[in-house]
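No hydrogens, no waters, no symmetry mates; every other heavy atom, side chains included, goes into these values. Note that the structure is a prediction, hence the values are computed from the model and not measured.
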Amino acid sequence: MDILDPEKIIVIDDEQNLREGAKRILSRMDFTVFLAPTGDAGLEIIEKEPVGIVLLDMKMPGMPGMEVLKSIMAMERGIIVIVITGYATIETAIEAMKIGAYDFIPKPYEPDQLRIIVSRARDSIKLKQKADRLAEKQKRTLADLHTEKSRISTIINSLPNGVLVTDTKGIVVLINPTFYQQLDIDSAIGIGKSIDQYIEDKDLINLVMDISRGKYIDYNDIPSHELNINNEKFFLTKCRPILGERHECLGTVMNIVDISTIKALDNLKSEFMAKVSHELRSPLSTIHEQLAMVVKSMSNEMAEDDQYMLARAKEKTLGLISTVGDLLDLSRIEAEMSVKELVPIQIDDLLKNIVDFLRTRAETKKQTISLTIPDSPLPAMEADLTTMESVFGNLITNAINYTQEGGEIKVSADMAGNNIRVKVADNGFGIESKHMDKIFKRFYRVKNDKTRFITGTGLGLPIVKGIIDSIGGYIDVKSEVNKGTTFTVLLPLKKPAVSSAPV
Ligand code: ATP
Ligand code: MG
């Protein structure tokens, strides 16, 4: 029995009138009152009932009060014992208090005296029980917190992705086992050192430092980063600031995912594409030439329908050859082997040639095409001629293709800092914003009423972007539906030493 009931009281006294008197007073105070004429009888009741308070006469025949008190104290139930003593036995009272009695009442006592002491004892039990409950509750919350903490750390330690956390100064405060294992870091290094002791990639270190210092407010602005370990392992790293309650930055959390297999597959895919396109190109060209010869030599002997069919076949093979050529270009760019022959190029001259070449095509659509270049020649840039032709050929062809009859194409070139800036602008169909980030993806074409009948494969812009990225340049597009589109290209005069563009 471990619960004390502050409302249950026992009066142990050999004098019956005193027992009855006390019972009357206490019952009116809403106590449940037990009575016992001897110590033994009292202890028996206490064994069975959760009495909170004992009124104990010290001078009784049989077991003396002091012994009863000792037995109650030995139970360690927190029972409150108020001893009743005669005038002459003040020493007894003191001794009883030493053993653990709560208070004493000298005999004979006034009802009020009893009421005050007993009600104080009752309050004291209630207060203690309240405090015990609070302490218990607090103990539980602390225990919960502890299990919650260990649960989270168990989860972090079992994650299949590497996780690293730094504080605002870039000091590493947490690393999970996968991180050590993925980056081949000796786990003996532990935590507490600066981030550059764990990672070599300067760009990634700078990114973590910038985030830790609170540079990024918008998560969407934080670039992902591709971590390359000796060209053998590749990881996609994503970082986020850790924000406190008042939105202050507390550090950075970095998550790394092993993308080596995806990379290897991607390479295989590019190789496969290069091989297939290469294998297809020459037989296709042969078919095309032979068709051309047949059309030429037999045109007089053939029915008009047959002639039409052959002409269509010839046209289609030409389309195929061009697609295969694009695929080949793209796979070369992806394999980073496109830039082969670097020669000084006058971009203004190159643009003049392309514009002149494509003018006939624009004129068949009754479009005007103009080129604006500075009076003095632009500085020459080191680049591969074919790939540069491919960039502007694609952009200007697109402008012509995706602009209505009678439209206007404006090509211009000038200097912007250390870059040559080329703009290809049209007042054509425009591109809806939902397509904007996709048009640079392979085979992506916008399909609507205006573009449905325009042939193409959706490889032009990926080729353009691939080439520009490979020389550390920049391409941007602005467009408004039915108003037109402007592509702006920045070509650096000098290729930067490191061109590891964030993914
Ligand atoms: P090709 O591989 O023959 O170039 P394509 O022109 O369709 O085919 P991209 O050059 O990659 O492929 O262009 C992708 C899409 O972007 C186009 O299908 C077109 O919808 C849109 N686009 C490109 N340039 C413009 C432009 N100047 N105006 C409007 N839409 C454009
Ligand atoms: Mg195109």
Any side-chain heavy-atom pair from [X] and [Y] closer than 4.5 angstrom?
| X | Y | result |
| --- | --- | --- |
| I53 | I79 | no |
| M381 | P344 | no |
| P492 | N418 | no |
| I354 | I396 | yes |
| S412 | L371 | no |
| R361 | N401 | yes |
| L385 | L350 | yes |
| H288 | I321 | yes |

Sequence neighbours excluded, which residues qualify as salt bridge (Lys or Arg N to Asp or Glu O under 4.0 Å) partners of E148?
R151
Salt bridge (Lys or Arg N to Asp or Glu O under 4.0 Å) filter on K149, not counting sequence neighbours, yields none
Partners passing side-chain hydrogen bond (donor to acceptor under 3.5 Å, both in side chains) against D123 (at least two apart in sequence or in another chain):
none
Using distance alone, with no hydrogens and no angle criterion, decide if [X] and [Y] have a side-chain donor and acceptor under 3.5 Å apart.
| X | Y | value |
| --- | --- | --- |
| K450 | N482 | yes |
| T485 | S479 | yes |
| N448 | T451 | yes |
| Q346 | D348 | yes |

Check against side-chain contact (heavy atoms from CB on, under 4.5 Å), M75 and I46
CA-CA 10 Å; M75 291 177 191; I46 293 170; 3.9 Å; yes
Backbone of [Y] reached by a side-chain donor or acceptor of [X] within 3.5 Å:
| X | Y | value |
| --- | --- | --- |
| E389 | L351 | no |
| Q367 | Q404 | yes |
| R445 | I454 | yes |
| T397 | G393 | yes |
| S260 | F234 | yes |
| R213 | T168 | no |
| K438 | K434 | yes |
| D5 | E7 | yes |
| T147 | D144 | yes |
| E408 | T368 | no |

Looking at every non-hydrogen atom in both residues, tell me the closest pair between [X] and [Y] and how far apart they are.
| X | Y | result |
| --- | --- | --- |
| S390 | I463 | OG-CG2, 3.6 Å |
| A383 | M388 | CB-CG, 3.8 Å |
| C239 | L204 | SG-CD1, 4.4 Å |
| I211 | C249 | O-SG, 3.4 Å |
| D201 | E226 | OD2-O, 4.2 Å |
| I400 | L358 | CD1-O, 3.8 Å |

Are more than 12 heavy atoms, taken from residues, nucleotides or ligands other than [X], located less than 6.0 Å from that residue's [atom1] atom?
| X | atom1 | value |
| --- | --- | --- |
| K233 | NZ | yes |
| K126 | NZ | yes |
| K365 | NZ | yes |
| E405 | CD | yes |

Applying side-chain contact (heavy atoms from CB on, under 4.5 Å), run through I256 and L183 and close with a yes or a no.
CA-CA 10 Å; I256 65 171; L183 296 195; 3.9 Å; yes
Rounded distance (nearest 0.5 Å) linking atom [atom1] of [X] with atom [atom2] of [Y]:
| X | Y | atom1 | atom2 | answer |
| --- | --- | --- | --- | --- |
| M254 | H225 | CE | NE2 | 9.0 Å |
| T166 | I205 | OG1 | CD1 | 11.5 Å |
| Y402 | I409 | OH | CD1 | 12.5 Å |
| I347 | L378 | CD1 | CG | 8.5 Å |
| R312 | T317 | CZ | OG1 | 11.5 Å |
| L490 | N419 | CG | CG | 5.0 Å |

Fit a plane to each ring of F440 and F487, take the angle between them on a 0 to 90° scale, and name the class: parallel (under 30°), tilted (30 to 60°) or perpendicular (over 60°).
perpendicular
Table please: side-chain donor-acceptor pairs of residues 191-200 below 3.5 Å, with sequence neighbours left out.
from	atom 1	to	atom 2	distance (Å)
K193	NZ	I189	O	2.9
S194	OG	D196	OD1	2.6
Y198	OH	G190	O	2.7
Y198	OH	K193	N	3.4

Charged N to carboxylate O under 4.0 angstrom, [X] versus [Y]?
| X | Y | answer |
| --- | --- | --- |
| D469 | K465 | yes |
| D132 | K128 | yes |
| D476 | K478 | yes |

Candidate pair I439 and I431, rule side-chain contact (heavy atoms from CB on, under 4.5 Å), full reasoning:
CA-CA 9 Å; I439 54 171; I431 307 165; 3.8 Å; yes
Does the pair K483 and N427 meet the rule for a side-chain contact (heavy atoms from CB on, under 4.5 Å), with working shown?
CA-CA 5 Å; K483 292 245 167 81; N427 61 352; over 6 Å; no
Got a sec, which pairs hit side-chain hydrogen bond (donor to acceptor under 3.5 Å, both in side chains) with one end in residues 237-255, sequence neighbours left out?
S212-T252
Let me have the donor-acceptor pairs involving side chains of residues 169-177, under 3.5 Å, with sequence neighbours excluded, atom names and distances please.
from	atom 1	to	atom 2	distance (Å)
N176	OD1	V163	N	2.9
N176	OD1	F179	N	3.1
N176	ND2	I156	O	3.1
N176	ND2	N161	O	3.0

